[in-house]
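Working notes, beginning with the structure itself.
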Amino acid sequence: MTQTDQLTPVKAHQLGQEFMSELSKMYPDHEIYMATHTDTDHPHNHFVLNAVNSETGAKMAINPPDIYEMHEINNDISKKHHLVELTKAKNKVYPTEIAAYTQTGKQYERI
């Protein structure tokens with residue numbers, strides 16, 4: 001059985017604001033929106049990160065290392081509040097994707 005946290009909608013929203021604050025450090029010139037869903041038995045947040053830089057108009061790309069960094073930010077917030085951390089997916093492709101991106105600067109292509 002998986003351990004879960006019992007969050008109130010208010011607490012879920014507060015945690016989402018912390019996560020959004022950290023995202024804004026990663027992407028300072030991008031708009032970030034958050035919606036806290038309270039219509040289920042497990043309050044949760046959804047985030048929308050505008051891919052267009054508000055200063056330059058350039059479009060961003062989120063790569064596997066960015067996803068892992070977001071995962072770690074989430075876990076740091078979870079630890080700080082004594083909540084269950086996310087477990088990493090057991091997918092052997094991801095380390096390959098990160099290695100390929102690190103070496104070439106290009107997204108790994110899945111077939």
So salt bridge (Lys or Arg N to Asp or Glu O under 4.0 Å) across residues 22-32, not counting sequence neighbours, yields E22-K25
_Pairs flagged by salt bridge (Lys or Arg N to Asp or Glu O under 4.0 Å) wherever residues 44-61 is involved - sequence neighbours left out_ =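 The answer is none; no pair qualifies.
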- Take M26 and E69 through the test side-chain contact (heavy atoms from CB on, under 4.5 Å) and record every step on the way to the result. CA-CA 9 Å; M26 288 176 69; E69 186 173 350; 3.7 Å; yes
Quick one: list whatever passes side-chain hydrogen bond (donor to acceptor under 3.5 Å, both in side chains) with [X], sequence neighbours left out.
X: K11; value: H81
X: K80; value: E18
X: H82; value: none

- [ ] Give a yes or no on whether the backbone of T56 and the side-chain of N53 come within a donor-acceptor separation of less than 3.5 Å.
- [x] yes
Check: With no hydrogens and no angle check, is any side-chain donor or acceptor of N45 less than 3.5 Å from a backbone partner on M34?
Finding: no
query = Side chains of L7 and L15: does their closest heavy-atom pair fall under 4.5 Å?
reply =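 Result yes, sub-4.5 Å side-chain heavy-atom pair found.
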Using the side-chain contact (heavy atoms from CB on, under 4.5 Å) criterion, which residues pair with [X]? Sequence neighbours excluded.
X: M60; value: Y27, H30, L49, A51, I62
X: S78; value: N74, L83, E85
X: H42; value: T40, H44

Note to self: ring pair (Phe, Tyr, Trp, His ring centres under 6.0 Å), that's the test. Do F47 and F19 meet it? Break it down for me.
What the structure shows: CA-CA 10 Å; F47 299 89; F19 184 76; 5.0 Å; yes
Students should find that the hydrophobic cluster of V52, defined by side-chain heavy atoms under 4.5 Å apart, otherwise consists of none
Note: with side-chain heavy atoms under 4.5 Å as the link, the other cluster members for V10 come out as none
How many angstroms lie between CE in M20 and CG in L23, if you round to the nearest 0.5 Å?
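Here the rounded value is 8.5 Å.
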Closest non-hydrogen contact found for P43 with T8 is CG-C, 4.0 Å
